[in-house]
Amino acid sequence: MNLLQAFTDDSKAQAGDKRLFLAGYLHRADVWASFSKDWYQELKARPAIEYLKASEAHNLSGQFHYSRWDEKLRDAKLARLSAIISHYKPISYEVSANGQLFENELKPVSPYGFGRLHFTMCFTVVSAVSRYVAESPVRAPIRFVFDEQQGVDVDVEMFFSEMIKSLPAEAQNLIDGLPAFKSDKELQYAPYRRLISSPGICAASTKLVRSWRGQTVS
């Protein structure tokens with residue numbers, strides 16, 4: 001049976017309701033292996049970057065520093081990376097929550113662990129994706145990988161086995177162990193890396209992300 005992998009990243013708005021977004025992509029592990037080879041090759045193709053981070057592409061900073069890049073070069077690089085995603089056709093998913101409401105109303109009365117919105121949202125992703133796969137024609141174990149968040153991995157390890165009991169048995173049986181939390185450097189060629197950014201993302205990057213969205217789980 002094929003193993004599925006779900007890579008998830010996060011982004012938080014700094015204004016308005018300070019909404020927290022978690023979004024990612026789901027595909028078979030063997031497909032991700034092929035994807036990673038193509039992704040790495042394009043990252044290293046001139047002009048080369050070490051990783052893709054949407055906010056840096058937006059601001060012409062970091063890997064896209066204006067001393068080496070202009071908008072035309074950046075957009076061409078993004079288009080080539082976008083073509084790789086389009087070729088492999090991963091399933092995309094996204095969840096979000098009102099961060100300001102959580103901070104004001106829920107955090108002050110939340111027990112240990114539940115006072116972190118990232119903790120709750122990680123389980124929301126696990127719930128949504130596992131339910132989706134359980135109802136799909138192709139059912140396979142799912143390994144979840146999240147961007148590293150200080151302390152969240154410890155809380156998840158402590159509560160995860162109890163929390164998944166609320167899921168239908170079909171969904172529970174598809175979850176392949178505890179979610180993993182990896183730093184950007186550990187997963188620098190993974191597809192999810194900083195594909196979502198703050199709502200101020202530039203038009204070119206917005207088109208890039210939209211072009212990667214095939215089927216959507218929400």
Side-chain angles (χ1 to χ4, degrees), residues 2-13 19-40 42-43 51-58 75 77-97 117-118 120-149 167 171 174-176 179-182 184 187-218:
N2 288 315
L3 174 69
L4 299 175
Q5 291 177 310
F7 291 94
T8 306
D9 195 14
D10 59 271
S11 183
K12 186 175 182 180
R19 185 162 294 272
L20 176 64
F21 297 87
L22 268 68
Y25 293 99
L26 173 73
H27 219 319
R28 301 196 320 266
D30 61 316
V31 175
W32 281 139
S34 297
F35 170 93
S36 293
K37 293 178 182 178
D38 291 344
W39 188 258
Y40 176 80
E42 179 52 44
L43 290 181
Y51 56 83
L52 171 63
K53 186 172 183 178
S55 61
E56 293 182 358
H58 173 202
D75 292 351
K77 188 73 166 181
L78 295 181
R80 291 192 296 272
L81 289 166
S82 174
I84 295 171
I85 293 287
S86 297
H87 172 73
Y88 285 99
K89 297 181 174 63
I91 295 174
S92 66
Y93 53 89
E94 59 183 276
V95 298
S96 69
L117 184 53
H118 273 91
T120 302
M121 295 297 286
C122 284
F123 182 74
T124 301
V125 167
V126 171
S127 174
V129 173
S130 61
R131 288 170 185 263
Y132 171 81
V133 174
E135 295 172 1
S136 71
V138 180
R139 297 178 180 86
I142 313 161
R143 184 167 297 161
F144 291 90
V145 182
F146 292 90
D147 189 22
E148 190 174 56
Q149 293 292 333
L167 300 176
L174 293 175
I175 300 171
D176 187 45
F181 291 83
K182 304 290 186 180
D184 291 339
L187 291 168
Q188 61 181 338
Y189 307 127
Y192 83 104
R193 193 193 188 287
R194 299 304 189 199
L195 299 184
I196 56 175
S197 66
S198 63
I201 191 169
C202 65
S205 296
T206 300
K207 290 178 182 177
L208 175 67
V209 173
R210 285 176 178 167
S211 73
W212 289 346
R213 288 179 180 156
Q215 303 173 66
T216 302
V217 182
S218 59

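Position 1 is the first residue of the sequence; numbering continues from there.
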Exercise. Would you check if T8 and Y93 make a side-chain contact, meaning some heavy-atom pair closer than 4.5 Å?
Key: yes

Quiz item: Do E56 and Y51 pass the side chain to side chain contact (heavy atoms under 4.5 Å, CB included) test, and can you show the C-alpha distance, the side-chain angles, and the key distance before you say yes or no?
Solution: CA-CA 10 Å; E56 293 182 358; Y51 56 83; 3.1 Å; yes

Quiz item: Considering only heavy atoms from C-beta outward, does the side chain of L20 approach that of M121 to under 4.5 Å?
Solution: yes

Exercise. Check S96 against R19 and note the closest heavy-atom contact, atom names and distance.
Key: OG-NH1, 3.2 Å

Quiz prompt | Spacing of NZ belonging to K37 relative to CD1 belonging to I84, to within rounding of 0.5 Å | solution = 14.0 Å

Self-check item: Residue pair D176 / I142, side-chain heavy-atom distance below 4.5 Å
Solution: no

Quiz prompt | Separation between CZ of F146 and CG of D9, rounded to the nearest 0.5 Å | solution = 11.0 Å

Quiz prompt | Nearest heavy-atom neighbours spanning A134 and R139 | solution = O-NE, 2.7 Å

Quiz prompt | Heavy-atom check, side chain of D10 versus side chain of H118, under 4.5 Å | solution = yes

Quiz item: When rounded to the nearest 0.5 angstrom, what is the spacing between CG in D38 and NE2 in H87?
Solution: 6.5 Å

Exercise. Sort and list the pairs that fulfil salt bridge (charged side-chain N to carboxylate O under 4.0 Å, His left out) and have at least one residue in residues 20-32, not counting sequence neighbours.
Key: R28-D30

Self-check item: Centroid-centroid distance, W32 to Y25, less than 6.0 Å
Solution: no

Quiz item: What is the minimum heavy-atom distance between E42 and K77, and which atoms define it?
Solution: O-NZ, 2.5 Å

Quiz item: Is any side-chain heavy atom of I85 closer than 4.5 Å to a side-chain heavy atom of W39?
Solution: yes

Quiz item: Passes side chain to side chain contact (heavy atoms under 4.5 Å, CB included), R143 versus L3? Steps please.
Solution: CA-CA 7 Å; R143 184 167 297 161; L3 174 69; 3.6 Å; yes

Quiz item: Just wondering, do N2 and V138 contact through their side chains at under 4.5 Å, heavy atoms?
Solution: no

Quiz item: In Å, rounded to the nearest 0.5 Å, how long is the span from CD of Q149 to CG of L22?
Solution: 8.0 Å

Self-check item: CG on L43 to CG on L81, rounded to 0.5 Å
Solution: 6.0 Å

Quiz item: Quick one: CG on L174 to OG on S130, what's the gap to the nearest 0.5 Å?
Solution: 7.0 Å

Practice problem: Tell me, please, which residues at least two apart from Y88 pass ring pair (Phe, Tyr, Trp, His ring centres under 6.0 Å). | Solution: F35

Quiz item: Any side-chain heavy atom of I91 within less than 4.5 Å of one from H27?
Solution: no

Quiz item: So do the side chains of V145 and F181 get within less than 4.5 Å of each other, counting heavy atoms only?
Solution: no

Quiz item: Is the backbone N or O of T124 less than 3.5 Å from a side-chain atom of S127, with the two atoms forming a donor-acceptor pair by type?
Solution: no

